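Small disclaimer: the values here were computed from a predicted structure and weren't measured.
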Amino acid sequence: MSMLAGDRIHFTVMYLGSMMLTLYLTFTAGGAKGYVLVLGSSALQLLALMWYLITFLPGGAMGMKVLTQAMYTLLKPVMIGCAKFQAVCIGRCVSWYASRFTSTDS
């Protein structure tokens with residue numbers, strides 16, 4: 001078993017790519033935007049490593065596939081609700097901000 005085995009090459013590419021992305025963003029991106037990007041790429045790196053390690057367990061790849069499908073099924077309504085709430089918040093902020101410039105002070 002190696003990292004370059006046919007059934008593990010996808011995980012290897014994802015892990016090494018996310019590691020390089022994390023390093024690149026760490027040294028080039030700055031400010032709050034860079035911080036968020038580094039956190040995201042670090043999370044991707046951690047997920048890739050966990051997926052890779054789980055595939056070494058007997059039945060790990062199939063178990064991981066079942067687990068991710070279950071998580072997607074459970075989290076999809078939550079994520080849709082969060083997206084709708086975010087859209088409402090952004091809409092209210094934009095309308096409040098726009099009303100500051102359209103109101104007339106007499």
Side-chain angles (χ1 to χ4, degrees):
M1 294 278 171
S2 78
M3 289 181 74
L4 300 177
D7 60 338
R8 289 194 174 87
I9 192 72
H10 298 94
F11 310 121
T12 303
V13 169
M14 186 173 154
Y15 178 65
L16 293 176
S18 63
M19 188 184 326
M20 292 298 134
L21 180 65
T22 301
L23 289 171
Y24 174 77
L25 291 173
T26 299
F27 294 118
T28 61
K33 179 182 173 186
Y35 181 72
V36 172
L37 291 173
V38 169
L39 281 179
S41 63
S42 296
L44 181 66
Q45 181 179 350
L46 181 63
L47 289 173
L49 181 62
M50 285 176 33
W51 185 289
Y52 180 75
L53 292 174
I54 288 173
T55 60
F56 276 105
L57 300 173
M62 182 56 112
M64 191 66 163
K65 187 178 289 189
V66 169
L67 180 65
T68 54
Q69 287 175 350
M71 286 175 57
Y72 175 75
T73 302
L74 289 172
L75 293 177
K76 183 178 177 182
V78 173
M79 297 305 286
I80 290 173
C82 288
K84 287 180 181 178
F85 179 72
Q86 183 180 11
V88 168
C89 290
I90 290 172
R92 287 185 181 175
C93 289
V94 167
S95 64
W96 172 79
Y97 189 73
S99 69
R100 290 181 58 197
F101 293 108
T102 58
S103 65
T104 58
D105 293 327
S106 299

Can I get a per-line list of side-chain donor-acceptor pairs under 3.5 Å for residues 76-98, giving both atom names and the distance, sequence neighbours left out?
| unit_1 | atom_1 | unit_2 | atom_2 | d |
| --- | --- | --- | --- | --- |
| Ser95 | OG | Gly91 | O | 3.2 |
| Ser95 | OG | Arg92 | O | 3.0 |

Q.
Can you give me the closest heavy-atom contact between Leu25 and Leu37, atom names plus distance?
A.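 Minimum heavy-atom separation between Leu25 and Leu37: CD1-O, 3.6 Å.
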Q: For residues 9-25, pull every pair meeting side chain to side chain donor-acceptor pair (under 3.5 Å), keeping only residues two or more places apart or in separate chains.
A: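 Residue pairs passing side chain to side chain donor-acceptor pair (under 3.5 Å), neighbours aside: Thr22-Ser41, Thr22-Gln45.
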Q: Using the side-chain contact (heavy atoms from CB on, under 4.5 Å) rule, take Leu49 and Met19 through it: C-alpha gap first, then chi angles, then the decisive distance, then the call.
A: CA-CA 10 Å; Leu49 181 62; Met19 188 184 326; over 6 Å; no
Q) Do Phe11 and Met71 sit in the same hydrophobic cluster, where Ile, Leu, Val, Met, Phe, Trp and Tyr count as joined when their side-chain heavy atoms come under 4.5 Å apart? A)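 Yes.
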Q: Can you measure from CG (Leu47) to OG1 (Thr68) and round to the nearest 0.5 angstrom?
A: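 One gets 11.0 Å once the value is rounded to the nearest 0.5 Å.
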